[in-house]
Every structure is written in structure tokens, then in C-alpha cells.
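Notes follow once the structure below has been shown.
Proteins get letters first, then strands, A, B, ... in listed order; numbering begins at 1 in each.
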2 protein chains.
Amino acid sequence: MGKDGMGRYTVGLDIGGTKILGALLDPEGEVVATVRRSTVHGAEGLVAGAAQAVRDVVASGGAELSALAGVGLGIPGIVDHRSGTVKHAVNLGVHDDELPLAELLSAQVGGVPVVVENDLNVAAVGAAHVLERSAGPADRAGGTGGSDGLAVAGGTDAVGGAGGTGTPGVANVSGAAGAAGEADEHEDLAFLALGTGLASGLVLDGELRRGASGAAGEIGHIPVDPLGPECPCGQRGCLERFASGKALEAAWPSRHGKPSPVELFEAARAGDEEALVVRDRFAAAVASAVRLLVLTTDVRHVVLGGGVAQLGAELLDVVQDALREQAKVSAFLGSLRLAERVRLAPTHVPVAAVGAAVLGRRG
Amino acid sequence: MGKDGMGRYTVGLDIGGTKILGALLDPEGEVVATVRRSTVHGAEGLVAGAAQAVRDVVASGGAELSALAGVGLGIPGIVDHRSGTVKHAVNLGVHDDELPLAELLSAQVGGVPVVVENDLNVAAVGAAHVLERSAGPADRAGGTGGSDGLAVAGGTDAVGGAGGTGTPGVANVSGAAGAAGEADEHEDLAFLALGTGLASGLVLDGELRRGASGAAGEIGHIPVDPLGPECPCGQRGCLERFASGKALEAAWPSRHGKPSPVELFEAARAGDEEALVVRDRFAAAVASAVRLLVLTTDVRHVVLGGGVAQLGAELLDVVQDALREQAKVSAFLGSLRLAERVRLAPTHVPVAAVGAAVLGRRG
């Protein structure tokens, strides 16, 4: 594997508080290797760990560092994607005012260009990349379950295929991946992260939407109930207080050692009436987030991700039910076909790492 | 004026229920003539009136039909910009299922290409065009009043100049107008129409955002209060029920023959306590709309337009006050500098007609 013809391999890393996930994309945009490492906290350990993850995933894919066109990083915290710096990434043990992460990592991986982006943005780009490669335009009408398909090398399962028929999609191997087609073929989605908090990343008409101040997609702090509970942000009744992992944990604390969402859905499935109420209220709040995203940006797809989305099809079902319920009172809402726009993030590829790799290609 | 070198003149029409406003843009994107006609209702009269408006504004600018690169139309109703058709434009007296407006008008103006777009989208494009030509990047920090400046041929007043100092901006006459500069120079705004209803048009990173189903910017029907009044759309507590001309008219009906917003603000200025309450509640609702737009799309500017915005600087003041008030409780909101993003739509150019002309150029 010489450098010629190999120049478009890229690596993406999704750096979280506990683990680093990595993905190697080949020149066609296929995931050819993945890696997972524990995060070492503190600036020095973080950079060394990230560099090791890059080397590991490159080796695992049978490639070479010299074949990389770029590396992309997704990281929580305040990121300046222009300068490649990160501020106050507190849950990574980085307390520096400004850590020149791109520069430091680049120096440790042979000078390959490194780009840094926030974690929601890379997740949105990754979801768009996977959706685009696994389904054609016909996919627009589809998506009821079965959304765990993914595109890995040679695999072309549909992600949320039309009508949930399970028909495999056709991989779009059109040379340079990440390069979308004409107008209508551009991926267009919100990645709605149901994590501890609530936020989204946006890919509009095929382009990552960062916004004027990097705040695009921060819908968790839009107030939706003047009498709602206070939010740590200082406002009252923020959407995040109703539609997030933290909101679920408050309404249904873990009692049996499993994550709160899992226990809640188990209890609801077993017919616990209080659990049913809490679950349906949560589903309605997530549905409100979907409605808000569509009425503002009119994204074609809303992809549910984040920790709570590990509930899988069961979550998708109740959110789609809530959307259909809300549409019953409004022909206008009904015409937007919100339930059909929602799908689950693929779980068999590290979506955020893939997105980081896609951005690394463009860097 | 021969055809050569003149091929980039365009005409834009803003077709409303009572009047048609037209603008002629020269190859540099300057407004060189405007026209205003009464709307003739019904398909035939509408097309004939639009054709006459095109001929009038071209003649008024000393140009010729043969010099036009295109014509753009902004029209309320359900528009298919691909096919150039309009559906159910009821307030134009068009009850046809589908009126091929672009085709019919083109036939009456010598075969010039005609594009059709909805009224909010052309307003957003027009506002972006005027802002872009009248202020540099430094303008980002500015905008307190004085937003009635405009760029007409030779005129280069600042639109909402930095800090409201009234310093004239520098017109960006860089050849092909409408062609924005590099990344950071792209116009980026929401046109927030406070008309009978509430809706917005979006220009993101220099591009009109239509959305997957043409519903981008329909924020008027996002519920923001579970106990709020019922909305004709079928939902409850929609933002439009608090921040629109209709909402104002309900809260402060006209008593003296002037528009409800004018009477309300007069009464508030005179110290009427009830009026002050109604006015401030309205300002807070508009501020909520601004916050919602920024927390979702992070637009650099929010331009207040529509009938209620004819209140001018007085409206801008109370909305900015409300935004500063809301930011007091939240450092997060404060960091977004929402008050500084808001400005008034220029009133001395027909913004929507200008936007239609810009789209006509691209058509």
C-alpha cells in the first residue's frame, strides 16, 4: 500500500469522558476498521491516547500513517474548529484555557492535518454519511424500525429502509465519499442527542450547520413551559428538563442497578401505570423536540442518538406514536409527516467517529 | 442599451393580496427602479398585472425586456419553486388547483425565465442582499436602530450600522451581486415576519434554506405554553398566538381607526398601564421567537419585518429590552448576545421584491 492512490484514507476519533472510539475510512468512505480505547484524562494523556488510537486503527485496517489525508476529532466542550483548539473540556480533565489539540495531535502522527469539531456536529455528519451510503432518495418515505443497519466494508444494509421492509439499500460507492450528489440527493438531518442533556447537530442540504457562534442545534434550552421547572441554565421550563436522560433519571430513578431509561421501559412493558405515564410524557417531550426541529429547519430526517437512544426500537415506537398523536389534532402537523422523518442512529458503527473521519477528509 | 453586457439585469415582484411591488436590479445588484401596482385578483388578471409591472419597472429603469436575465416572483401560498406553480393562493383570488405562474408570466414577457418562490423566502433573500451590500463583517456587533438605510443606485447607507452610530457603511460592489464572499462573509439571517401570523424565512451561510418540504421557518406553530390559547392550526399555545399582528389585535383592538400596534404603542408611550403590560408581553413573545431561531439555527442576524415592524425603532427597542431582560437570568443566553443580532428590515426598498430579483438572477 503505497502513498499513491491511498491519500484519501482518513481517521476519525470520538473522544468522550470515558472512551475514545476511532474509525478508519477508505477512499470510498467505507469503514474499514474501528478501535476503542479508554480515555486518559489531562492534556498530555489525552493527546498521547488519541495518537495511539490513530496508529491502532490505521494498523488494524492494514494502512499506514503516511496514507492518511487527515484526522478528524469530535470532542465535547467549546471547540474552535478554525484554530483546532478546545476550551474547558472539563470532563476530559483539560482545564487549560485553550488546548491546541489539532496541532499537538498532528505532531504525534507524522504531521497529518487534524481538524477538531464538537461532538454533536461530528455525530450529525456521521449519521448523514451512513444514511447517504445506505439508502437512495426513496428512503425519504421510509423508516419504521430496523434502523440498526450500517455500511461497513462490503456491507450495504439499509438504515431505516423504506417501509421497514428490511430490503437492503444500495450502497452509493461513487468515488469520493462524503461528496453528495445534486440538490435533492444531499443528506439533510438533525442528530438529536438524548444524552444527559438535550442538543442536536444539523446537516442541512448536505452541509454541516455550525451557526454564527457555534450554537446551532442547542434546542435543549428553548423554554416550552412558562410554569415548568427551573433549569440550571437560569431559565424555566427548558425542553431539556423534559426530554433528556437527566429528566428521565429525575422522573424514574434507577432502583435495580440498570440505567434509568432501561428500568422505566421495562416497568412500562410490565404494565406499571406510573411507568407508562412517565414514559409517554417523555416520548411526548422528545416528539416536541422533533416538531421544533422540523418547524424551524424542516430537516428531512431526525436521527435519535445519545445514551437514551440505546433503548432502540422501543424508543422509536413510542416517539413515533407520540408524533402521530400530536398530529391528530392538527392537519398542518399531519401534513409534515413527522413520524416518518424519525429514525434511530445506527449502533453498529461509531457514528460520531465516522463523522469525524468525514470532516478529517475535508480538513 | 444593447443586449450584450446587459444580460444580468433582473426584475423581482412581491405579489401580495392588495399590491404588487417590483424592483429592477442592475448587473451589480443595485436597485435602479421600483414600481407599485394594485393586485388584480384571479389568475388572468394576476398574470397580466405582473407582466405589466415587469414592463413598467424595466422601462422606468431605462432598460429593455431583452436585457433581462430573469424574473423572480414572491407570492404567498403554496409554491413549488421547481415547477414554478402556485396552489391555493386564495388571497390572490386564485382557486386553481395549480397555477403554472412562471410559465404564464414568461410567455407575456418575451420568454424571459421566471422563478417563483414563497413570500417569506424572497424577503429573507432580499434582506440578506441589502445587508450584505451595506455593511462589512464588522457589522456583526452592531444594530441598534437606524435600520432604515438601504442600498439603491449610488446610495450606501448602513443598515443597522455598528453601534447605531449612523456611520455609513461601505457598499460591496464586487461585480456579480448576490455572489457572496468566502465562508465568513456569507449573509446569515432569519427574516422574522410579524404579520397577521408569525413565520420566518432563512438564509443560512448565504443560501436560502427551503427545507425538505418547504416548511423551514414555520416557527409560528411551535407550542410554547401547554396552557396557552387554542390555535386555528389545532394545537395549543403556539408562538403565533403571542407574537403576531393577530395576537396584538386580540389583546388591544383598534379603537381610533389606526392599526392596533400603532394604537397600542401610542397608549404605552402615554403611560397607559394596561398598554404597557400588553406591549411588554408582546415584546417578550417576539424575543422568544428570536431566542428560538438562534438556539436552533444560530443565525447571525434576525431581521424584524412584516406589518408590525412598521412600528420601527420603537419596536426594535422593546424587543431588544426584552432580550436583555431574558438574558439577565442566564449567562448562557447572555453569551449569545441576542439583542445585538436583531435589526429592522429596511423600509425604503421593497425587500421582498429585491429578494425575488436576486432569485430571478439565479433561476
Side-chain angles (χ1 to χ4, degrees), chain A residues 82 140 183-184 186 188-190 199-200 202 204-205 207-228 230-239 288 291-301 326-337 341, chain B residues 82 140 183-184 186 188-190 199-200 202 204-205 207-228 230-239 288 291-301 326-337 341:
Chain A
R82 283 167 233 268
R140 280 193 223 177
D184 278 358
H186 286 144
D188 196 85
L189 60 79
S200 60
L202 301 170
L204 306 180
D205 295 319
E207 292 292 330
L208 173 62
R209 170 68 187 171
R210 294 184 177 96
S213 58
E218 287 289 350
I219 63 168
H221 296 290
I222 294 174
V224 293
D225 184 355
L227 302 177
E230 284 183 13
C231 181
C233 84
Q235 304 183 96
R236 184 178 281 282
C238 289
L239 190 49
S288 297
R291 179 180 55 194
L292 190 152
L293 283 166
V294 172
L295 286 178
T296 309
T297 64
D298 195 15
V299 279
R300 191 184 306 151
H301 299 132
Q326 290 173 358
K328 274 185 191 163
V329 302
S330 171
F332 168 67
L333 272 193
S335 74
L336 297 175
R337 305 170 77 91
R341 301 192 193 212
Chain B
R82 283 167 234 268
R140 280 191 225 179
D184 278 358
H186 285 145
D188 195 86
L189 60 79
S200 60
L202 300 170
L204 306 180
D205 295 319
E207 293 291 331
L208 173 62
R209 170 66 186 172
R210 294 185 177 95
S213 59
E218 288 289 350
I219 63 167
H221 296 290
I222 294 174
V224 293
D225 184 354
L227 301 177
E230 284 183 11
C231 181
C233 85
Q235 303 183 95
R236 184 178 281 282
C238 289
L239 191 48
S288 297
R291 179 180 57 196
L292 189 154
L293 283 166
V294 173
L295 285 177
T296 309
T297 65
D298 195 15
V299 279
R300 191 185 305 150
H301 300 132
Q326 290 174 359
K328 274 184 191 164
V329 302
S330 170
F332 168 66
L333 271 193
S335 73
L336 297 175
R337 305 169 77 90
R341 301 191 192 213

Using non-hydrogen atoms only, which part of [X] is less than 4.5 Å away from chain B: side chain, backbone, both, or neither?
X        : value
A:Asp188 : side chain
A:Leu239 : neither
A:Leu202 : side chain

query: Of the listed residues (B:Arg236, B:Gln235, B:Arg209), which shares the most heavy-atom pairs with chain A below a 4.5 Å separation?
result: B:Arg209
message: Between B:Ile219, B:Leu336, B:Leu204, B:Leu293, who has the most heavy-atom pairs with chain A when the cutoff is under 4.5 Å?
response: B:Leu204
field: B:Gln326 versus B:Leu333, closest heavy-atom pair with distance
entry: O-CD1, 3.8 Å
message: With side-chain contact (heavy atoms from CB on, under 4.5 Å) as the test, pick out the partner of B:Ser330 among A:Cys238, A:Cys231, A:Cys233, A:Pro232.
response: A:Cys233
message: Under 4.5 Å from any heavy atom of chain A, what part of B:Arg210 do you find: side chain, backbone, both or neither?
response: backbone
Donor-acceptor list for residues 211-218 of chain B side chains, cut-off 3.5 Å, not counting sequence neighbours:
residue, atom, partner, partner atom, Å
B:Ser213, OG, A:Asp298, OD1, 2.9
B:Ser213, OG, A:Asp298, OD2, 3.2
B:Ser213, OG, A:Arg341, NH2, 2.9

- request: Taking B:Thr297 for its side chain and B:Val294 for its backbone only, find out whether a donor-acceptor pair lies under 3.5 Å.
  value: no
message: Using only atom types and a distance under 3.5 Å, with no angle test, would you say the side chain of B:Ser200 pairs donor to acceptor with the backbone of B:Ala190?
response: no
